[in-house]
Amino acid sequence: VGGAFLDRHPLLQDYPSEKDWERAQDVVSGLVDLRDKHPQLTEIQWIDFLYRLKHEMLDDAQRVKQILPETLDELLLMKQGTEATGLVNATTRDVEWLQEHGYCLDNIQEGTSKIEGAAGRGAF
């Protein structure tokens with residue numbers, strides 16, 4: 001989904017765009033390199049580091065933060081297979097999270113905007 005559309009649609013502003021996924025992949029690659037260089041770090045140290053990364057270092061990247069792992073196991077899962085497959089598997093949310101943060105898109109339709117001169121085609 002295009003980032004510009006996500007930015008303009010109030011219900012989808014927190015949904016990660018393609019660029020957000022690419023940035024998350026870059027961060028995950030860097031984290032995997034860091035892990036390979038420092039295998040002595042414990043699970044607790046990784047959890048602390050990942051927490052600080054998401055809550056203190058990436059203030060401007062809300063969409064990216066929701067993709068990133070919270071545990072070493074999630075990081076290693078993201079490393080497996082293709083980056084995209086790992087990211088999707090590791091970011092699967094439970095029903096409670098979906099009920100609190102999710103939006104139903106069952107009735108979204110493509111079409112022409114009724115706002116003259118301000119918009120063209122899109123999803124409504």
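Here, residue 1 is the first one in the sequence, and each next residue gets the next number.
- Applying the 6.0 Å contact sphere to CD of Glu96 captures no more than 12 heavy atoms from other residues, nucleotides or ligands.
- Rounding to the nearest 0.5 angstrom, the gap separating the NZ atom in Lys65 from the CZ atom in Arg23 is 10.5 Å.
- In this structure, the separation between CG on Leu72 and CG on Leu50 is 7.5 Å, given to the nearest 0.5 Å.
- If you take CZ on Phe49 and CG on Leu41, they are separated by 9.0 Å, rounding to the nearest 0.5 Å.
- Every pair tested for salt bridge (charged side-chain N to carboxylate O under 4.0 Å, His left out) that includes a residue from residues 26-35 fails, sequence neighbours excluded, so the list is empty.
- Between Asp73 atom CG and Trp46 atom CH2 the span is 12.5 Å, to the nearest 0.5 Å.
- No donor-acceptor distance shorter than 3.5 angstrom exists from the side chain of Glu56 to the backbone of Arg52, with no hydrogens or angles considered.
- Between Pro69 and Val28, the shortest heavy-atom distance links the atoms CD-CG2, 4.2 Å.
- No path of Ile, Leu, Val, Met, Phe, Trp and Tyr side chains, each step under 4.5 Å between heavy atoms, connects Ile67 with Ile47, placing them in separate hydrophobic clusters.
- The aromatic rings of Tyr51 and His55 sit parallel, their planes meeting at an angle under 30°, below the 60° perpendicular limit.
- Pairing each heavy atom of Gln45 with each of Gln40, the nearest pair is OE1-O, 4.1 Å.
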